[in-house]
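Structure first, commentary second.
Treat the numbers as computed from the prediction; the structure is a model and nothing was measured. Just follow the structure's listing: the first ligand is 1, and inside any ligand the first atom is 1.
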Amino acid sequence: MAAKARIAVIGAGLMGHGIAQVFALADHDVTIHDQLAANLDSAKTRILANLKDLGDDQSAVERVRQVPLLADAVRDADYVVEAVLEDLSVKQKLFVEIERHVGGETILASNTSVIPITRIMEGLRDRSRALGTHWWNPPFLVPLVEVIGTQWTSQRAVEWTIALHKAAGKMPVHVKRDVPGFVGNRLQHALWREAISLVERGICDAGTVDTVIKASFGRRLAVLGPLENADLVGTDLTLAIHQTVLPDIEHRGGPSPYLEALVAQKKLGFKSGEGFRKWSADQQAALRSQVLQHLKKARASDG
Ligand SMILES: NC(=O)c1ccc[n+]([C@@H]2O[C@H](COP(=O)([O-])OP(=O)(O)OC[C@H]3O[C@@H](n4cnc5c(N)ncnc54)[C@H](O)[C@@H]3O)[C@@H](O)[C@H]2O)c1
């Protein structure tokens with residue numbers, strides 16, 4: 001990997017501007033493109049505000065160039081990462097278009113949350129250059145990036161991408177098989193499925209679910225992963241627990257009817273003021289700020 005690469009970020013929304021910020025801070029030249037002029041035009045202002053807020057080098061924003069035409073944004077890029085709308089056909093069309101304008105060596109990455117990379121990249125002429133890079137929000141505070149290869153992805157593309165993210169201070173992991181949700185979102189949503197089920201079955205209310213997690217194993221999770229924990233307590237004890245608990249744990253193959261009912265009733269969470277719980281504007285702001293402060297402290301303690 002060249003010390004200074006040319007990176008193109010497509011999509012200047014929540015994720016895209018943050019990804020551009022990380023690469024610019026790592027001394028790369030970054031182009032950013034969005035089909036919506038308002039989002040493109042505000043990208044550098046948002047990046048600068050983040051850099052200021054975090055106490056990071058504000059001159060990094062000068063390495064970011066807002067580019068109104070997709071072809072111009074990607075033409076000279078060594079690496080293109082897409083963070084547009086989570087929609088399969090939008091992403092498929094976008095990558096086919098991007099491939100028309102880039103050189104033969106350019107690596108193409110999608111930041112999809114859960115869509116298999118194989119589906120997104122199936123229309124490309126050279127699928128060996130394509131992979132997934134799943135970042136977490138906010139990209140400049142959460143270290144993990146899952147690097148997902150398909151059956152076509154070359155080892156060179158995976159290794160180059162991992163090296164790029166490591167050098168930018170991220171913590172890349174290699175996901176060897178392209179499954180929906182990759183690793184992080186599968187684990188996260190396995191937990192959410194049981195959390196919703198506990199409420200649905202009247203075992204406890206939504207606030208209790210969150211308190212139980214935050215005040216118990218949630219405290220340990222940042223330093224003790226589940227498989228480390230299983231080894232710590234013993235695989236024999238883990239097996240005994242699973243024999244008792246797993247038969248009763250939610251294992252339906254689709255979304256919960258309780259969740260479907262909330263959506264049907266327009267109880268959409270923060271954006272409608274009520275989801276599993278009611279949320280005033282102040283409560284929403286307080287929770288957002290608490291998460292941000294927590295992630296900033298964690299980054300500071302990473303050093
Ligand atoms: N928000 C998260 O927490 C999160 C985390 C990880 C991954 N992701 C994934 O990252 C991607 C982007 O998510 P986001 O939260 O930044 O969304 P967002 O809505 O904030 O931003 C998406 C941007 O893409 C632009 N866009 C849409 N279609 C386009 C196109 N064809 N060409 C150029 N620009 C286009 C939109 O104008 C918008 O600015 C999605 O695939 C999402 O699933 C999101």
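- The one candidate from V9, T31, T106, I10 that meets the side-chain contact (heavy atoms from CB on, under 4.5 Å) condition with V74 is I10.
- Atom 25 (C) of ligand 1 has its closest protein heavy atom at D34 OD2, 3.2 Å.
- At least one donor-acceptor pair closer than 3.5 Å links the side chain of R46 to the backbone N or O of A12.
- Note that atom 10 (O) of ligand 1 has protein non-hydrogen atoms nearby, at separations under 4.0 angstrom.
- Taking distance alone, with nitrogen or oxygen atoms compared against 3.5 Å, L36 stays at or beyond that limit from ligand 1.
- No more than 12 heavy atoms of other residues, nucleotides or ligands lie within 6.0 Å of NE2 in H251, so this atom counts as exposed by the packing criterion.
- Proximity of the aromatic rings of W136 and F182 is defined here by a centroid distance below 6.0 angstrom, and this criterion is not met.
- Nearest protein heavy-atom neighbour of atom 21 (O) of ligand 1: G13 CA, 3.3 Å.
- The nearest protein atom to atom 6 (C) of ligand 1, hydrogens excluded, is given as W135 O, 3.0 Å; this is a heavy-atom distance.
- When only interatomic distances are considered, the shortest N/O to N/O separation between V84 and ligand 1 falls below 3.5 Å.
- For the residues S113, A38, A83, P139, the heavy atom positioned nearest atom 8 (N) of ligand 1 is part of S113.
- Residue-level proximity to ligand 1 for K91 is carried by the side chain, the only part with a heavy atom below 4.0 angstrom.
- Atom 16 (O) of ligand 1 has its closest protein heavy atom at M15 N, 2.8 Å.
- Salt bridge status for R127 with E99: absent, with no side-chain N to carboxylate O gap under 4.0 Å.
- The shortest N/O to N/O separation between E86 and ligand 1 falls below 3.5 Å.
- Side-chain contact check for R299 versus K296: every heavy-atom pair is 4.5 Å or farther apart.
- Atom 17 (O) of ligand 1 has its closest protein heavy atom at L14 N, 4.6 Å.
- Distances between N or O atoms of N39 and those of ligand 1 include at least one value under 3.5 Å.
- Of the options H134, E97, Q35, the smallest heavy-atom separation from atom 28 (N) of ligand 1 is shown by Q35.
- When only non-hydrogen protein atoms are considered, atom 3 (O) of ligand 1 lies nearest to N137 CB, 3.3 Å.
- Using a cutoff of 4.0 Å between basic side-chain nitrogens and carboxylate oxygens, K91 and E82 are scored as salt-bridged.
- No N or O atom of W136 sits closer than 3.5 Å to an N or O atom of ligand 1.
- Listed by number with element, the atoms of ligand 1 under 4.0 angstrom from any heavy atom of T112 are 41 (O).
- Taking 4.5 Å as the limit, every side-chain heavy atom of D78 sits out of range of all side-chain heavy atoms of I7.
- Classification of D205 and R277 as a salt-bridged pair fails, no side-chain N sitting under 4.0 Å from a carboxylate O.
- Taking a cutoff of 4.0 Å between a charged side-chain nitrogen and a carboxylate oxygen, D29 and R65 do not qualify as a salt bridge.
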